[in-house]
Amino acid sequence: MKDFLKFTLATVTGIILSSIVLFIIGMVTLFGIMAASDTETIVKKNSVMILDLNGTLVERTQEDPLGILSQLFNDDSNTYGLDDILSSIKKAKENEDIKGIYLQANSLGTSYASLQEIRNALLDFKESGKFVIAYADSYTQGLYYLSSAADKVLLNPKGMIEWRGIASTPLFYKDLLQKIGVEMQIFKVGTYKSAVEPFIATEMSPANREQVTTFISSIWSQVTEGVSASRNIPVDSLKAYADRMLMFYPAEESVRCGLADTLVYRNDVRDYLKRLVDIDEDDNLSLLGLGDMINVRKNVPKDKSGNIIAVYYASGEITDYPGSATSEEGIVGSKVIRDLRKLKDNDDVKAVVLRVNSPGGSAFASEQIWYAVKELKTKKPVIVSMGDYAASGGYYISCGADTIVAEPTTLTGSIGIFGMVPNVKELTDKIGLSYDVVKTNKYADFGNIMRPFSEGEKALLQMMVAEGYDTFITRCAEGRHTTKEAIEKIAEGRVWTGEAAKELGLVDELGGIDKALDIAIAKARVGGYTIVSYPEKKDVLSSLLDTKPTNYVESQLLKSKLGEYYRQFGLLTNLKEQSMIQARVPFELNIK
C-alpha cells in the first residue's frame, strides 16, 4: 500500500511539474513571437521586395499566434491582407535601398477588383524608376493580369499562361432540394434579383443572363485593356489569343505572342535579379517578404497634430449576429453601429473612409448600418471605398456617404430585396415525421417550415419585401441626391460594375482606397493627420486567447474533404442562420 501511494504521489508530482515546465516554455515562446512581430526590419542596400502570392487575399488579416493547427492539418496556404500588400508596395517605393519588386505569381484566391488595386499600386511603384519583375511556373489568368504590369514577365520553359476569357458558372440546387423534399418559398422585388434562382431554377433567367453577360464583359474589357497597355499588344490580338487557348501550346508561343518576355527556370531567377541590382552572382541577394515589409518603418515623420483620418473596414456578409464555425464573422450589424458611433463621438477623428467589401446580407442589419453612417456624416465627412463587392446590402450601407469610390471592376448596385423560407413537408412525409397544431389566432404558427405558406401568409411576406424594397430605393435616392423614379430605373436588383455605376450616378469616382483617402483628407481640411485603421487589429496574445480550436478543426476537416465545394456546403449549412429578408447578390457568382 505504501509503494502504491508513493508511486501515485510521484506520478501526480511529475504531471504537475511537467505542466508547469510546459506552461513556462509556452509563455516564453509566446512572448518571443510577440517580441519578434514588433521588431523593426532593417533594410540592407540593394534589397528586393518579394511578393510571393500563394493563398487567399482578404481585406485585412489578424495575427496567427502560433500556426500550430495549420501545421497539424498540413495547411500550407497563406492568407494575405490587401492593406498589408498596398502599404508594403508604397514603403518599397519610398525606401531608396529597395531597388525593385519581385512578383512570384503562384495562386491567389481573390476577385479582379482587388487585383486591379494591387496592379495600380505596382504601376505607381514603377513611376519611381525601380523595376518590377514577375515570374511563375504557370500563371492563372488573374495573376497574369496582375503580373502584366511588370517590366518583365518571366515564364518557366515548361509552364503556361492561362488566358481564356471570363465565365460565370453558378450552381443550381433546385433538383437537389426537390429530391430530398425541400421547397424554397420565394418572395422578391426586382427583375434582376437573381440570388434566389439557384433554389428555384435549373438555369439562368433571361434577365440574369443579360446582366451577367454585361458585367463579365465589362470586367474582361478592363483586363484586356490593362494588359494591352502594359504589354503593347492590341486588344483584338489578346481576344484572339484567348480563343486559341495558348496555355495548351508550348511556352515559346506565349513569348512569341508577347504575353511573356523570356523563359527561365525558377532556380535561375535569383541570378536574374542579382544582375538587375548590379551585384555579383556569388553575393547574397537580400529579399524582403511581406512579413518583413510590414515591419519596415515608413519614410515619413510622425504627425503630432492629433488629427485622425479613420479607415473603417466592413468586409464580408452582413448579418444580425456573428456567423457560425463554417463562415467568417463578416459585418455584424450591432458591432458596426457601435464602432461607428464611437468614431462619431471621437473629436480627434476628422473624416472616415468606410471600406466596404460585401455582397450584402440581412436587410435589417443593412438599414441599421445605413442609419449609423447617416449619423456619422452629420459630424464628419464619410467616404466609401468599395472593394471587390459592395452590392445590395453592401450598396445599402454605402449609399448615404458623401462620396463613393469604386474600382472599375467592383461589382455594385443590386438594389433589391428578397425573402426565402424553406418548406420541408415532402421531406418530413418521406421520413415519416408529422406534426399537429393548436392555435389561438390565424397566424399563430406563422413560420412553421413543416408546411407551405397559406395565401394570406404569402401576401404578408410579399408586402414586407415590397416595403423593404421601397425603403431601400428611398435611401439610395436620398444618398445620391436624386429621385426614387431615377433609382428605380437602374435598380430592380441589377448588378453593375463600378465603371457602369459611375456612368449611372451610383458611384462618384473610380479608384482604390488611396483615392478615397485623398478625398477624405481634402474634405477634412486638416494640415497634419495620422491614418488609423478600425476596428483595431488583435495582437498575438488576444488572437491566441480568442482562438476556438474546435471551430478551426471542424472547418479544416471540411475543407480538406470538400475542397472547392466547401463554400457551397457552408451556404447550405448556414441557411438556417440567414435573416428571413435579404439584400444581397447571388450567394455564389462563380466568376472565373
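Note that this is a predicted model, so its numbers are computed, not measured. Keep in mind that the numbers below use all heavy atoms, side chains included, and drop hydrogens, waters and symmetry copies.
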From CG (L411) to CD1 (I216), nearest 0.5 Å: 11.0 Å
Minimum heavy-atom distance M450-N448, with the two atoms named: N-OD1, 2.9 Å
Short side-chain to backbone donor-acceptor contact, S358 and A390, under 3.5 Å: no
Contact check, side chains of L82 and V58, non-hydrogen atoms, under 4.5 Å: no
Close aromatic pair by centroid cut-off 6.0 Å: Y395 and F472: no
CD on Q222 to CD1 on I166, rounded to 0.5 Å: 10.0 Å
Y371, OH: over 12 other non-hydrogen atoms inside 6.0 angstrom: no
P535: which of R338, K342, R60 passes side chain to side chain contact (heavy atoms under 4.5 Å, CB included): R60
Note, F453 side chain near F187 side chain (heavy atom, < 4.5 Å): yes
More than 12 heavy atoms of other groups within 6.0 Å of K489 NZ: no
Backbone of G400 reached by a side-chain donor or acceptor of E478 within 3.5 Å: no
Worked verdict on E499 versus S218 for side-chain hydrogen bond (donor to acceptor under 3.5 Å, both in side chains): CA-CA 8 Å; E499 181 182 33; S218 177; 3.1 Å; yes
Minimum heavy-atom distance between S366 and I397, given as atom pair plus value: O-CG2, 3.7 Å
Over 12 non-hydrogen atoms of neighbours within 6.0 angstrom of CE in M247: yes
For the student: nearest non-hydrogen atoms of Q368 and I337, plus distance: O-CG2, 3.5 Å
Flag for Y112-E407: side-chain donor and acceptor within less than 3.5 Å: no
Shortest non-hydrogen contact from L57 toward G81: CD1-C, 4.1 Å
Passing option when Q211 is tested against T213, T214, N208 for side-chain hydrogen bond (donor to acceptor under 3.5 Å, both in side chains): N208
Aromatic Y249 / basic R244 pairing, under 6.0 angstrom, 45° off normal: yes
pair P422-E183: side-chain heavy atoms closer than 4.5 Å: no
Enclosure of K374 NZ (heavy-atom neighbours >12, cutoff 6.0 Å): no
Close side-chain approach of Q104 and L53, heavy atoms under 4.5 Å: no
Distance-only donor-acceptor check, side chains T409 and Q116, under 3.5 Å: yes
More than 12 heavy atoms of other groups within 6.0 Å of F364 CZ: no
Distance-minimising heavy-atom pair for V189 and Y469: CG1-CD2, 3.2 Å
Salt bridge flag under 4.0 Å for residues E488 and R494: no
Distance, nearest 0.5 Å, that separates CH2 of W163 from OH of Y144: 7.0 Å
Main-chain N/O of L506 paired to W496 side chain as donor or acceptor, under 3.5 Å: no
For R451, side chain to side chain donor-acceptor pair (under 3.5 Å) partners two or more places apart: D445, E457
Polar side chain donor-acceptor pair, D320 to S362, under 3.5 angstrom: yes
Crowding at CD, E210 (>12 non-hydrogen neighbours, <6.0 Å): yes
CD1 on I487 to CG on L504, rounded to 0.5 Å: 9.5 Å
Salt bridge present between R355 and E59 (N-O < 4.0 angstrom): yes
Side-chain donor-acceptor pair present, Q185, N423, cut-off under 3.5 Å: no
Minimal non-hydrogen separation, C476 against I415, with atom names: SG-CD1, 3.8 Å
Side-chain heavy-atom pair Y389, N357 within 4.5 angstrom cut-off: yes
Polar side-chain atom of N78 near backbone of G55 as donor-acceptor pair, under 3.5 Å: no
Heavy-atom donor-acceptor pair, R119 side chain to Y145 backbone, under 3.5 Å: yes
Sidechain N-carboxylate O distance under 4.0 Å for R164, E162: yes
Partners meeting side chain to side chain donor-acceptor pair (under 3.5 Å) with Y396 (sequence neighbours left out): E367
E492 side-chain N/O to Y192 backbone N/O, donor-acceptor pair under 3.5 Å: no
Note, M420 side chain near F199 side chain (heavy atom, < 4.5 Å): yes
F172 side, atom CZ; M204 side, atom CE - distance, nearest 0.5 Å: 5.5 Å
Stepwise salt bridge (Lys or Arg N to Asp or Glu O under 4.0 Å) check, R584 with E317: CA-CA 9 Å; R584 63 162 299 149; E317 184 175 337; 3.3 Å; yes
K158/D137 ion pair, N-O < 4.0 Å: no
More than 12 heavy atoms from other groups under 6.0 Å of NZ on K425: no
Beyond-backbone contact of I513 with Y313, side-chain heavy atoms, under 4.5 angstrom: yes
Inter-residue atom distance L86.CG - E117.CD, 0.5 Å rounding: 5.0 Å
Expected output: side-chain T224 to main-chain S221 donor-acceptor under 3.5 Å: yes
Y312 and D339 side chains, donor-acceptor separation under 3.5 Å: yes
Donor on one side chain, acceptor on other, Y173 and Q178, under 3.5 Å: no
Donor-acceptor side-chain pairing of S392 and K193 below 3.5 angstrom: yes
Sub-4.5 Å side-chain heavy-atom contact between E426 and V182: no
